[in-house]
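What you see below is based on every heavy atom in this structure, not just the backbone, and it leaves out hydrogens, waters and symmetry mates. In the text below, chain A, chain B and the rest are named by the order of the sequence lines, each starting its count at 1.
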There are 2 protein chains.
Amino acid sequence: MLTRTPRGSSNKNHLLVRGITLWRCIADDFEQMILVGKYDNGERLPAESEIAARYGVNRHTVRRAIAELGARGLVRTERGSGTFVKTDKLDYRIGQRTRFSEIVAAAGHEAEGRLQGHRLEPASEDIAGRLGLKPGDAVVRLEIVRASDRVPISIATTWLDGQRFCEAAKIFRRVRSITRMLEHYGISTYRRKWTRIGATFTDAVDAGRLRLSVHRPVLVVESLDVSPTDEPILTTRGRFAADRVALIVES
Amino acid sequence: MLTRTPRGSSNKNHLLVRGITLWRCIADDFEQMILVGKYDNGERLPAESEIAARYGVNRHTVRRAIAELGARGLVRTERGSGTFVKTDKLDYRIGQRTRFSEIVAAAGHEAEGRLQGHRLEPASEDIAGRLGLKPGDAVVRLEIVRASDRVPISIATTWLDGQRFCEAAKIFRRVRSITRMLEHYGISTYRRKWTRIGATFTDAVDAGRLRLSVHRPVLVVESLDVSPTDEPILTTRGRFAADRVALIVES
DNA sequence: TCACTTGTCTATTGAACTAGACAACTTACC
DNA sequence: GGTAAGTTGTCTAGTTCAATAGACAAGTGA
C-alpha cells in the first residue's frame, strides 16, 4: 500500500511540500506547464488515470487537482472524452458602450457580478475631479468581482456620487448589474468617456480573489462613464486577470 | 465552536488559501514579518496563546507553525520563557583552513553532513582542469547537505579523482566528514587554494532541500582544496542559504 | 509564591488521500 | 448500427493528517 513516506523513495516525493496538499502541488505543476506552453490551447491533457500513475497518486487526488485547474479557468472537462486546455482569452472590447454582462453573454458565457464590499467615503482629489465633485464630498464605493462561467475575470472598485446614489449597494446586490442598478435611478443609457490602461502583478490578496497565482499579470483599467449629456455618472478602477482577458481598443 | 468557514466572517479568513494548511500560512506570515524586520534579532515573539487569539486559531496550530519556523532556522524556543527571533548568521570564515564542522563547532553549534547522493561520472572540462585530470576521466561526485543544529546551511557537490577516491561515498557515509574521509586515504592535512563566490536565488528544488522559500538569496561557492604539495584533492560547488550564513574573507 | 510561558497528553471532528468498483459517456472501428 | 476500448462521474469505505478543545505538567522570572 502506498503511504506518504517523508523520506522514502516514492515517485511523488519530488513535489511533496510540507504544509501544502498533494492536489494543490499537482494543480500548480500543471498550471506552470500550461502557462509556459507545454500544452497548447485545446490540447487534451493525459487521462486522469495516466496522470495518477505518472505522479504515483490516487486518481481522486488528480481529479481534485483538475477541479482546481477548472476553477482557475485553465481547463474544461468533457465526460467520456477528456480534459482540454483552455487558454484562449475573453475579448473585452472597449468602446463607448462597454458593459461587462453584454460582452460575456455575446461570447456565449454566463456573466456574474458579486458585490464584495461597499462603503460611503470622502472623495479623494482624483475621484472628485472625475465625478465633478469637491474633494471630501461623499462618494459610494463598491467592490465588485466579475466572473464569466464562474471563473473570476476582474475585481473592480466603482465610485458614484454619494448623495445621488446612496442606495447603490443595496440595489446592486439585488439586480447584480451596474446597468440595471442605474436604471433604478432613471438612467437608461450611459457611455464610456475615457479608459486608462496599465499593468501590474497580482499580490497575495488579488491572487486569492481572482483565483490566480501570485505574480501573474494584471491589467489595470480606469474609466469614466457619463450620461448622454456628458454628466459624470461613475468612475472605476478595475484589475483584470491578463491570463483570461484581452482588452480590445478599436480606433 | 470555530470551524473552517469558507465564506464566513472568521478573523482567520484573510490567510485561508485552498490547498495550503493553516499552520503553513501562519508560518509563512511570520517568516515574512521576520525577514522584513518587523521583529529584530533576539526579540521575543508574542506568546503562543496570544498568536492563537490574534489569528483566531487553536494554540496547537500555532505551535505547529512555530515548529516550522524553528526548522527554517528563524526562531529558537525556550520553555517557560518564550520564542525568540534568530536572524543572526553563521560566520563562515574562508581561509586556507576551511572546514565546515570546525566552523560550526567553534560557533557552539552541532554540525551535521548528510550524503544525499553519489555517483561515478566522467569529468567535465572544467572539473578535470581543476583536479588535474583529463576530460572524461572518472570522478566521484558527492551531494552533501550540511546543517548546523539541524538547520540546513548548504548543499554542496564535491568532486574527487575517481580512481584514487573510488570508495569516497562509502567512507563518508560512515565518518560523516570530508576531513575524516580523507584521513582514510592518508591525507591528514589539506588547504583551500581558491574560492569563487557568486549569488543566485532558490528554485523549488533548492528551496526544499534547504528548507527555504523560493526566491530566497543563495551564495554560490566554488572551491579547490589541495595537498601541502599543491596536488589537487577535491573541488566543490556549494549553495549556501544567505539568510543563515555570511561568508567572511580576510585579506 | 504567583503569574506567565512552553511542553505534553487525550479526545474529537473534518479534510486529504487511498482503494476499488461501477455507471455514464465518447470515439473509433467493424 | 452495434460493439469495445477508453474516458470522466459517482459511490462506498478506510487510513492518515490538520485542526479544535481542554487539561495539566514543567519551566521562567519577578
Legend entry - Those residues that, when tested against B:Glu222, pass side chain to side chain contact (heavy atoms under 4.5 Å, CB included) (two or more places apart): B:Arg130, B:Trp194, B:Arg196, B:Arg237
Inset, instruction - For B:Arg24, report the nucleic acid contact type (base, sugar-phosphate, nothing); a contact means any heavy atom under 4.0 Å. - result: nothing
Legend entry - side chain to side chain contact (heavy atoms under 4.5 Å, CB included) involving A:His109 - partner list, sequence neighbours excluded: A:Leu90, A:Val104, A:Ala107, A:Ser148, A:Asp149
Legend entry - Partners meeting ring pair (Phe, Tyr, Trp, His ring centres under 6.0 Å) with B:Phe172 (sequence neighbours left out): none
Table of protein N/O atoms under 3.5 Å from nucleotides 24-28 of chain D N/O atoms:
residue: D:dA26; atom: O4'; partner: B:Arg79; partner atom: NH2; Å: 2.7
residue: D:dG27; atom: N2; partner: B:Gly80; partner atom: O; Å: 3.3
residue: D:dT28; atom: O4'; partner: B:Gly80; partner atom: O; Å: 3.4

Inset, instruction - Find which nucleotide of DNA chain D each of A:His60 and A:Ile66 is nearest to by heavy atoms, and output the residue with the more 5' nucleotide. - result: A:Ile66
Inset, instruction - Just call it for A:Ser49: base, sugar-phosphate, or nothing, with non-hydrogen atoms closer than 4.0 Å on any strand. - result: nothing
Legend entry - Partners passing side chain to side chain contact (heavy atoms under 4.5 Å, CB included) against A:Val140 (at least two apart in sequence or in another chain): A:Leu120, A:Leu142, A:Ala168
Inset, instruction - Have a look at A:Arg216 and tell me which of A:Asp243, A:Asp206, A:Thr202 forms a side-chain hydrogen bond (donor to acceptor under 3.5 Å, both in side chains) with it. - result: A:Asp243
Legend entry - Distance, rounded to the nearest Å, where A:Asn58 contributes CG and D:dC11 contributes P: 17 Å
Inset, instruction - With pairs defined as Watson-Crick or G-U wobble and both distances under 3.5 angstrom, please note down DNA chain D as a dot-bracket string, | for pairing with another strand. - result: ||||||||||||||||||||||||||||||
Inset, instruction - Tell me which of A:Gly19 and A:Pro46 sits closer to the 5' end of DNA chain D, going by the nucleotide each one is nearest to. - result: A:Pro46
Legend entry - Sequence neighbours excluded, every pair satisfying salt bridge (charged side-chain N to carboxylate O under 4.0 Å, His left out) that has a member inside residues 66-80 of chain A: A:Asp28-A:Arg72, A:Glu31-A:Arg72, A:Glu68-A:Arg72, A:Glu68-B:Arg18, A:Arg76-A:Glu78
Legend entry - Residues in side chain to side chain contact (heavy atoms under 4.5 Å, CB included) contact with B:Val205, at least two apart in sequence or another chain: B:Asp203, B:Arg209
Inset, instruction - Determine which pairs satisfy side-chain hydrogen bond (donor to acceptor under 3.5 Å, both in side chains) with at least one residue from residues 33-47 of chain B, sequence neighbours left out, and list them in order. - result: none
